[in-house]
Amino acid sequence: MSSGSPASSSPSRVRFAPSPTGYLHIGGVRTALFNWLWAKKTGGTFILRIEDTDQERSTIENERVILDSMKWLGLDWGEGPDVGGPFGPYRQMERLEVYREFVDKLIARGAAYRCTCTKEELDRQRQELKARDPKAQFRYPGTCRDKTGPAPDVPFVIRFKAPSGGAVVYRDLVFGEVTTPNASQQDVVLMRSDGVPLYNLGAVVDDITMGITLVARGRDHMINTPQQILLYEALGAKLPAFAHLPMMLNQKGEKLSKRDGAVSVAEYRDMGISPAGLLNYLVRFGWSYGDEEIFSLLDLTQKFDWERCGRGDGKFDAKKLAAVAFEHLKRPDLTDDATYLRGVRPFLEARGLTPSDDDILRALPLFRDRGQTWAQAADLMDYLFRDPPQPDEKAVKKFLVPEKAGILRDVADALASVSPFDKDALEQRFTGLLAERGLELKEVAQPVRVALTGRTASPGLFEVAALLGRDRTLERLRGAAKIAEAATA
RNA sequence: GUCCCCAUCGUCUAGCCCGGCCCAGGACUCAGCCCUUUCAAGGCUGCUACGCGGGUUCGAAUCCCGCUGGGGACGCCA
């Protein structure tokens with residue numbers, strides 16, 4: 001019986017260790033976030049390590065995408081492949097000699113051995129067993145288990161010599177005490193024949209040599225933990241604390257994949273979701289703080305802890321994510337003007353609009369409550385920065401009709417002399433005009449709105465007019481009057 | 001099949017450790033109402049949950065056991 005106890009309370013060192021085999025998945029982001037929050041909360045170090053030992057699928061482009069996504073999210077790291085650090089390098093393929101060294105140690109201690117069984121042989125045995133009994137679990141038969149002596153001149157892998165008795169017991173920060181009998185362990189391969197480590201070896205050696213004090217990862221890795229603890233023990237290394245996070249599944253309760261819609265960070269960025277909003281949704285997934293739901297990142301760096309993590313898997317809900325992200329855009333205390341500006345700007349530019357910072361800033365208060373995403377906000381503001389506005393044909397046809405031409409022109413004339421050209425003054429003059437004519441606001445509002453914005457939906461008329469300014473307001477009203485006049489009934 | 005893990009509204013969750021304040025609270029979604037020049041935002045109302053069966057107890061969402069259901073893993077992937 002061996003038991004894992006958390007490492008003592010030296011400054012925390014946590015890591016996020018993605019493999020660059022694809023984009024950054026939102027499930028991965030949550031893992032990264034929890035680690036990052038813990039580092040911030042405890043004043044420790046957040047380390048980014050690239051586990052690129054799957055050479056078939058790892059690419060440097062993927063690594064770049066992952067790093068970019070992390071930067072966009074604002075999850076910064078103190079040590080990593082691009083910034084270096086005292087325990088580098090931070091790409092596993094650049095650490096091959098380190099693993100070699102630890103493997104030699106394991107062999108010398110009799111905790112691992114060289115195995116010359118070929119993959120083909122073992123695959124064949126696996127197939128055979130499966131044919132005989134589809135439900136049986138294949139186990140390495142132990143052919144090379146007791147071989148000793150120098151390295152053979154045929155290719156070999158390094159296998160762990162798993163203990164057959166006893167059990168590994170460790171205390172998971174989320175799941176509590178977890179017991180796994182060693183009898184269920186196999187002589188797993190630690191290093192391939194080409195000298196590249198497999199996940200269990202690479203992760204353990206790196207976590208040891210990088211001084212990692214707490215390992216937090218997805219529950220899909222929970223199965224590896226007992227095996228890894230055995231490795232720590234075989235190496236005589238101090239154990240880190242472990243925390244496993246429940247899984248994020250799709251609506252059907254399956255593993256979240258591309259088929260379930262947007263799962264990569266880049267997709268959410270392109271949709272105009274704010275990083276803080278995405279992170280807020282993710283943190284509330286499997287973690288809670290009473291009834292509080294909306295947090296700033298700074299908030300979280302104080303409130304986060306492992307005790308408040310749940311244990312049940314959950315289902316990803318895009319609608320809830322949208323709602324949480326929207327909440328962030330609505331509130332200036334969560335998304336300040338400068339951040340909002342930085343967020344919408346690219347979406348405006350994508351539409352060929354290049355308003356000044358001041359122009360956007362003045363429009364902001366009217367659109368925070370309306371744009372659920374920055375992409376949407378850019379769409380809603382479009383007519384403010386485009387001359388003439390892009391007309392919605394259906395709206396034009398419905399409201400810019402001949403019988404409205406006169407009033408549109410009169411409104412223009414009436415507003416021409418309003419001063420100051422602000423919401424209150426405009427409203428006063430406008431309602432005054434309506435009273436004179438015995439008209440209801442209802443009858444005139446939509447034609448005016450279509451005139452000013454080209455659309456049937458917008459913020460309040462007078463606010464929009466004030467934003468457009470006198471010249472453009474008059475120009476748009478008179479232009480619309482002409483269109484209305486020319487329209488055939 | 002074997003090993004590990006999980007189980008409150010459709011979804012994220014509070015409550016569970018330290019049983020009574022819970023005929024279960026918040027949020028999202030959905031439906032409706034109010035506000036209203038449109039669209040939002042905001043306010044209000046409604047729908048809907050302790051998986052099942054046994055214990056323990058005066059009393060169980062909360063403790064114990066079993067069942068059922070779900071997930072993960074069983075690779076020279078991570």
Side-chain angles (χ1 to χ4, degrees), chain A residues 17-19 21 51-54 56-58 115 117-119 122-123 126 133-139 155-159 172 174-176 178-181 183-186 188-194 196-200 202-203 217-226 244 246-249 251 253-255 281 284-294 307-308 310-324 326-327 330 366-372 380 395 399 427 430-431 434 440-446 448-450 453 455-462:
Chain A
S19 45
T21 54
E51 304 206 332
D52 55 352
T53 57
D54 181 350
E56 308 265 293
R57 299 188 297 150
S58 295
C115 168
C117 299
T118 65
K119 191 176 192 311
L122 293 171
D123 280 346
R126 219 185 313 264
D133 178 3
K135 290 176 261 172
Q137 181 187 186
F138 177 76
R139 293 178 68 99
F156 60 87
V157 301
I158 306 299
R159 277 186 191 276
D172 190 292
V174 174
F175 286 93
V178 180
T179 305
T180 310
S184 64
Q185 294 295 350
Q186 292 216 46
V188 295
V189 175
L190 297 175
M191 184 179 271
R192 299 177 176 88
S193 44
D194 60 3
V196 176
L198 259 66
Y199 172 69
N200 277 319
R217 75 241 292 198
R219 192 175 61 78
D220 49 339
H221 284 296
M222 207 163 170
I223 189 89
N224 294 312
T225 302
H244 291 95
M247 309 265 292
M248 184 150 45
L249 308 168
Q251 281 302 318
E254 304 159 331
K255 234 176 172 171
Y281 172 74
R284 278 282 291 122
F285 197 102
W287 179 85
S288 60
Y289 196 78
D291 283 342
E292 266 187 72
E293 301 231 36
I294 304 298
E307 291 74 49
R308 291 173 185 277
R311 289 175 302 259
D313 293 342
K315 295 175 182 171
F316 175 76
D317 184 355
K319 288 208 172 114
K320 179 90 179 188
L321 163 55
V324 172
F326 184 24
E327 196 60 31
K330 274 190 280 198
L366 265 50
F367 293 92
R368 293 192 97 110
D369 282 352
R370 284 168 238 258
Q372 297 219 43
L380 294 174
F399 294 106
E427 181 158 15
F430 191 92
T431 47
L434 292 185
E440 294 227 40
L441 181 54
K442 222 179 267 182
E443 305 171 62
V444 192
Q446 285 304 72
V448 169
R449 188 182 313 282
V450 174
T453 69
R455 316 176 179 198
T456 54
S458 80
L461 249 27
F462 313 110

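Since the structure is predicted, the reported quantities are computational estimates derived from the model, not experimental observations. Convention: sequence-line order gives letters A, B, ...; per-chain numbering from 1.
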Exercise. Let me know, please, whether A:F138 or A:V178 comes out on the 5' side of the other along RNA chain B by nearest nucleotide.
Key: A:V178
Quiz prompt | 5′-ward residue of the pair A:T180/A:W287 relative to RNA chain B | solution = A:T180
Applying a 4.0 Å non-hydrogen cut-off, can you work out what [X] is touching in the nucleic acid: base, sugar-phosphate, or nothing?
| X | answer |
| --- | --- |
| A:Q186 | sugar-phosphate |
| A:N224 | base |
| A:R126 | sugar-phosphate |
| A:K119 | base |
| A:T53 | sugar-phosphate |
| A:V189 | sugar-phosphate |
| A:E293 | base |
| A:H244 | nothing |
| A:P459 | base |
| A:S288 | sugar-phosphate |
| A:S458 | base |
| A:L461 | base |
| A:G218 | nothing |
| A:R311 | sugar-phosphate |

Donor-acceptor contact below 3.5 Å, side chain [X] vs main chain [Y]:
| X | Y | result |
| --- | --- | --- |
| A:S288 | A:G290 | no |
| A:D313 | A:M247 | yes |
| A:Q186 | A:F138 | yes |

Could you tell me how far [M] sits from [N] if I compare only their [atom1] atoms? Round to whole Å.
| N | M | atom1 | value |
| --- | --- | --- | --- |
| B:C9 | B:A24 | P | 14 Å |
| B:A60 | B:G20 | C1' | 9 Å |
| B:C67 | B:C23 | P | 31 Å |
| B:C64 | B:U56 | C1' | 7 Å |
| B:A61 | B:U68 | P | 24 Å |
| B:G19 | B:U62 | P | 12 Å |
| B:A7 | B:C16 | P | 14 Å |
| B:A49 | B:U11 | C1' | 12 Å |

In Å, rounded to the nearest 0.5 Å, how long is the span from [atom1] of [X] to [atom2] of [Y]?
| X | Y | atom1 | atom2 | answer |
| --- | --- | --- | --- | --- |
| A:L461 | A:E427 | CG | CD | 9.5 Å |
| A:E443 | A:L434 | CD | CG | 8.5 Å |
| A:T53 | A:R192 | OG1 | CZ | 5.0 Å |

Paired with [N] by Watson-Crick or G-U wobble geometry, both distances under 3.5 Å: which nucleotide is it?
| N | value |
| --- | --- |
| B:A24 | none |
| B:U2 | B:A73 |
| B:C33 | B:G43 |
| B:U68 | B:A7 |
| B:C16 | none |
| B:U62 | none |

Exercise. Determine whether the side chains of A:R370 and A:S458 contain a donor N or O and an acceptor N or O closer than 3.5 Å.
Key: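 The criterion, which ignores hydrogens and geometry beyond distance, is not satisfied for A:S458 and A:R370.
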Exercise. Given side-chain contact (heavy atoms from CB on, under 4.5 Å), test A:R284 with A:Y289 step by step and report yes or no.
Key: CA-CA 8 Å; A:R284 278 282 291 122; A:Y289 196 78; over 6 Å; no
Exercise. Extract, from 5' to 3' on RNA chain B, the first and final nucleotides lying under 4.0 angstrom from some heavy atom of chain A.
Key: B:G1 to B:A78
Exercise. Applying side-chain contact (heavy atoms from CB on, under 4.5 Å) between A:L321 and each of A:F316, A:F285, A:F326, report the one that passes.
Key: A:F316
